[in-house]
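Each remark here refers to the structure printed beneath this line.
From a predicted model like this one, the values you see are computed outputs, not experimental measurements. When a ligand or atom number is given, it counts from 1 through the structure's own listing order.
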Amino acid sequence: MTKTIRSMAVLAATVCLAGSMGFAQSAGEAVYKANCQSCHGSAGTPSPGIAKMMGVKAISDPDMKKLSEADMIASVKSGKGKMKAMSPKLTDEQIKDAVTYFRSLK
Ligand code: HEC
């Protein structure tokens, strides 16, 4: 009986840990999907139409690769070209998370 309870507690703790880790990893992903994906594409590559029409570059583009995380955060915050400023719609933390996720796409 005690053994069962103990193993259930271990299981519950494991599930909680996995759940919270999963959440931390996907915070930026959720922000990106809701606020960036429509222009930048789900995998960081815009659709050819949007790329041409708005001048969006893929994350794999050498010009994007040159940018530091701070450069990107600044552009996303205050907007650039046809990209509207994301601040104050998104918090600084959400912007940073979304940029981190965007940079993790290749
Ligand atoms: C309405 C479409 C649109 C949305 C939504 C959008 N972007 Fe953009 N983004 C653009 C366009 C267009 C550019 C190219 C701007 C230019 O260089 O003229 C761009 C450029 C960028 C750049 C490069 C900035 C630079 O300094 O060259 C980054 C990084 C970026 N976007 C990240 C994001 C993130 C992160 C989000 C979500 C929080 C987002 N974008 C949402 C259209 C969008």
Side-chain angles (χ1 to χ4, degrees):
M1 184 60 186
T2 11
K3 219 174 167 188
T4 319
I5 290 173
R6 201 180 302 144
S7 60
M8 275 173 70
V10 169
L11 186 69
T14 315
V15 171
C16 282
L17 197 64
S20 60
M21 273 166 37
F23 181 71
Q25 271 174 347
S26 63
E29 186 177 351
V31 178
Y32 182 86
K33 291 209 159 122
N35 300 282
C36 322
Q37 183 170 299
S38 55
C39 295
H40 289 278
S42 60
T45 304
S47 71
I50 289 196
K52 214 171 146 194
M53 200 170 68
M54 302 188 68
V56 186
K57 293 193 177 96
I59 188 65
S60 54
D61 190 285
D63 286 343
M64 275 289 198
K65 288 215 150 108
K66 271 196 303 211
L67 300 170
S68 70
E69 187 174 328
D71 290 337
M72 289 189 171
I73 290 172
S75 298
V76 175
K77 251 190 202 173
S78 38
K80 190 174 183 197
K82 295 205 168 69
M83 176 165 64
K84 289 206 185 82
M86 293 290 162
S87 181
K89 188 183 158 205
L90 299 178
T91 64
D92 288 2
E93 203 180 336
Q94 286 176 314
I95 292 173
K96 187 175 183 297
D97 286 348
V99 165
T100 305
Y101 178 74
F102 184 46
R103 290 171 66 86
S104 76
L105 302 168
K106 301 248 159 51

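With ligand atoms numbered from 1 in the order given, ligand 1 contributes 1 (C), 2 (C), 3 (C), 4 (C), 5 (C), 42 (C), 43 (C) to contacts under 4.0 Å with heavy atoms of Cys39. For ligand 1, the atoms sitting less than 4.0 Å from at least one non-hydrogen atom of Met72 are 29 (C), numbered in the order shown with element in parentheses. Close contacts of ligand 1 with Val76, meaning ligand atoms under 4.0 Å from a residue heavy atom, involve 30 (C), 32 (C), 33 (C), 34 (C), 35 (C), 38 (C). Every atom of ligand 1 is numbered from 1 in the order shown, and the set under 4.0 Å from a heavy atom of Asn35 is 5 (C), 37 (C), 41 (C). Taking every heavy atom of Met64 and a limit of under 4.0 angstrom, the matching atoms of ligand 1 come to 22 (C), 23 (C). Atoms of ligand 1 lying under 4.0 Å from any heavy atom of Leu90, numbered from 1 in the order shown and given with element: 38 (C).
For the atom pair CD1 of Ile59 and NZ of Lys106, the computed distance is 8.5 Å after rounding to the nearest 0.5 Å. One finds the CD1 atom of Ile95 at 9.0 Å from the CG atom of Asn35 (value rounded to the nearest 0.5 Å). Note that CG of Leu90 is 7.0 Å distant from SG of Cys36, once rounded to the nearest 0.5 Å. Considering CE of Met53 and OG of Ser47, their distance stands at 8.0 Å, rounded to 0.5 Å. Of the inter-residue distances, the one linking Asp97 atom CG with Thr91 atom OG1 reads 7.5 Å to the nearest 0.5 angstrom.
Regarding atom 12 (C) of ligand 1, its nearest protein heavy-atom neighbour is Met54 O, 3.2 Å. What sits closest to atom 21 (C) of ligand 1 on the protein, heavy atoms only, is Met83 CE, 3.2 Å. With respect to atom 18 (O) of ligand 1, the closest heavy atom belonging to the protein is Gly81 CA, 3.6 Å. Nearest protein heavy-atom contact of atom 14 (C) of ligand 1 is Gly55 O, 3.4 Å. Closest to atom 41 (C) of ligand 1 among all protein heavy atoms lies Met86 CE, 3.3 Å. Looking only at heavy atoms of the protein, atom 11 (C) of ligand 1 is closest to Val56 CG2, 3.6 Å. The protein heavy atom nearest to atom 9 (N) of ligand 1 is His40 NE2, 2.8 Å. When hydrogens are left out, the protein atom nearest atom 35 (C) of ligand 1 is Cys36 SG, 3.6 Å; that is the closest non-hydrogen contact.
With contacts defined as side-chain heavy-atom distances shorter than 4.5 Å, the pair Glu69/Lys96 qualifies. Within the 4.5 Å cutoff, the side chain of Val99 has no heavy atoms near those of the Lys77 side chain. The closest side-chain heavy-atom distance from Lys89 to Gln94 is not below 4.5 Å.
Relative orientation of the Tyr32 and His40 rings is tilted, given thresholds of 30° and 60° on the angle between their planes.
Note on Ile50 and Phe102: separate hydrophobic clusters, where clusters join Ile, Leu, Val, Met, Phe, Trp and Tyr whose side-chain heavy atoms are under 4.5 Å apart, directly or indirectly.
Of all the heavy atoms of Asp63, none lies under 4.0 Å from any atom of ligand 1, so neither backbone nor side chain is involved. Contacts of Lys80 with ligand 1, taken as heavy-atom pairs under 4.0 Å, involve both backbone and side chain. At a heavy-atom cutoff of 4.0 Å, ligand 1 is contacted by the side chain of Ser75 but not by its backbone.
In the model, Ser68 has a side-chain atom that pairs as donor or acceptor with a side-chain atom of Asp71 under 3.5 Å.
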